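Each ligand, and each atom within it, is numbered from 1 in the order the structure gives. Note: hydrogens, waters and symmetry copies are ignored here, and every other heavy atom, side chains too, is used. Just so it is clear, the model here is predicted, and its values are computed rather than measured.
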Amino acid sequence: MASVTCARRSYQTFFTRPRYRTVTSQAACTRQQTRWSSHAPSSPALLARGQKPVTIQTLQKMYADKSPITMLTAHNFPSALMAQEAGMDMVLVGDSLAMVSLGMPDTSEITLDEMIMSARAVSRAVNRSFTVGDLPMGSYEISPEQALASAIRMVKEGRMQSVKLEGGAEMAPQIKKITTAGISVCAHIGLTPQRQHALGGFRVQGNTPGKAMALYEDAKAVQDAGAFMLVLECVPPDVAEEVTNALVIPTIGIGAGNKTSGQVLVQIDMLGVRPPDSFMPKFVKRYGSVWDAGVAAIRQYKDEVIDRSYPTAPYVYKSDAKVTEAFKAALKGNESC
Ligand code: KIV
């Protein structure tokens with residue numbers, strides 16, 4: 001296909017001389033298959049539906065406008081499709097994957113390879129929401145170099161647009177190293193589930209004046225190290241609000257009240273995918289009952305298999321009477337040999 005060059009009007013309003021871009025055909029140009037640089041992927045489906053991908057700039061603008069940022073976890077292709085379809089600004093491949101999707105007792109067991117496999121699946125589904133991949137325990141604490149190597153894998157192999165890691169001031173060198181290499185980092189303080197045994201379990205954090213001050217100092221340290229966003233988990237709402245007001249980056253709360261810059265929940269929890277008697281943190285609101293709907297549907301399937309009401313038309317292919325007759329005759333002939 002011949003390569004043609006066409007001018008972009010909006011660029012011309014910003015630059016004194018016209019800028020040009022190269023596309024594969026004039027038709028592609030009018031369909032707005034814009035590739036902003038030779039390294040930018042074209043995403044005609046998104047542009048055709050008029051949905052612009054969420055970028056760091058989108059998130060910064062939402063923060064400046066005080067517009068709440070919505071984030072939800074996804075651990076596989078269909079859950080990522082659902083999160084995006086429902087309009088989530090951000091999709092997090094959280095290491096909650098270990099417990100809620102893989103049945104591990106805590107998040108310390110999951111490996112970077114396992115996180116990357118999940119991230120790859122999510123990235124195949126998401127082309128509008130901004131993606132964040134969790135760095136699991138053991139993949140970043142040892143040194144800034146180790147953290148950068150893991151972050152690069154999460155971006156290169158997991159196809160995530162940013163990474164998240166747990167910890168405050170002590171993780172500043174890691175955050176600095178990763179962001180300096182051009183990878184955006186979301187920090188995570190308050191309750192840090194990877195350290196649950198050291199914390200004595202899943203407990204509220206920052207609930208004394210001294211602990212609230214330590215939380216604030218951690219928040220400032222990760223911000224100063226270059227984090228673009230901060231998850232605040234299991235923190236009293238007033239403390240979360242004060243920390244949020246003291247920062248210049250958005251805070252995403254989970255169990256931290258409604259005064260943070262946005263919210264995140266674990267999809268499997270909020271959809272009610274787990275049995276009703278499963279342990280559920282206080283802050284989880286069940287917005288669905290997928291468990292009930294799923295078990296009822298599977299029971300009906302079982303009943304219909306047993307009474308042979310499934311599969312009948314319209315779930316079967318057409319039989320051809322002539323083919324059947326010929327087949328039967330051939331079988332009979334076979335038997336008499
Ligand atoms: O792992 C996870 O899903 C998370 C969220 C709960 C913030 O870190």
Side-chain angles (χ1 to χ4, degrees), residues 59 68-76 79-80 82-83 88-112 114-119 121-122 126 129-141 150-151 154 158 160 162-168 171 185-196 199 201-205 215 218-219 222 227-235 240 244 249-257 260-271 273-274 278-287:
L59 299 169
I69 297 167
T70 56
M71 186 197 264
L72 189 65
T73 66
H75 295 151
N76 55 31
S79 64
M82 279 207 288
M88 286 293 114
D89 301 310
M90 302 181 75
V91 171
L92 166 68
V93 182
D95 65 354
S96 53
L97 163 71
M99 297 168 82
V100 302
S101 290
L102 301 180
M104 294 172 181
D106 55 50
T107 59
S108 65
E109 196 176 326
I110 196 158
T111 64
L112 182 58
E114 287 165 333
M115 287 299 301
I116 286 174
M117 194 179 95
S118 181
V122 167
V126 174
S129 312
F130 190 81
T131 53
V132 187
D134 242 348
L135 297 183
M137 184 192 194
S139 71
Y140 61 93
E141 302 91 331
S150 299
M154 188 50 87
M160 292 287 102
S162 63
V163 299
K164 177 165 87 60
L165 55 80
E166 294 183 7
M171 285 300 144
V185 177
C186 174
H188 182 156
I189 63 170
L191 174 63
T192 44
Q194 291 173 15
R195 304 173 185 194
Q196 63 155 305
L199 294 173
F202 294 111
R203 293 167 175 278
V204 177
Q205 306 294 308
L215 191 79
D218 277 336
V222 296
F228 79 103
M229 181 174 270
L230 172 62
V231 168
L232 273 179
E233 181 163 354
C234 283
V235 174
T244 298
I249 57 171
T251 57
I252 302 295
I254 174 161
T260 49
S261 320
Q263 297 292 328
V264 60
L265 276 179
V266 173
Q267 186 176 157
I268 282 183
D269 292 343
M270 58 81 76
L271 281 184
V273 178
R274 295 201 279 157
S278 312
F279 167 79
M280 208 56 73
K282 178 179 166 65
F283 55 78
V284 174
K285 178 171 175 184
R286 277 181 194 248
Y287 286 86

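- Among residues two or more places apart in sequence or in another chain, the salt bridge (charged side-chain N to carboxylate O under 4.0 Å, His left out) test is passed with Asp269 by Arg274.
- Side-chain contact between Met229 and Ile69 is present, with heavy atoms from C-beta onward closer than 4.5 Å.
- The side-chain contact (heavy atoms from CB on, under 4.5 Å) check on Phe202 picks up Met99, Leu191, Pro193, Gln196, with sequence neighbours excluded.
- Protein residues lining ligand 1, listed by chain and number: Thr73, Leu92, Gly94, Asp95, Ser96, Asp134, Lys164, His188, Ile254, Val264, Val266 [non-hydrogen atoms, distance under 4.0 Å].
- Gln263 places a side-chain N or O within 3.5 Å of a backbone atom of Gly257 that can act as its donor or acceptor partner.
- Side chain to side chain, Thr251 and Thr260 fail the donor-acceptor criterion of an N or O pair below 3.5 Å.
- The side-chain contact (heavy atoms from CB on, under 4.5 Å) test applied to Ser118 returns His75, Val93, Leu97, not counting sequence neighbours.
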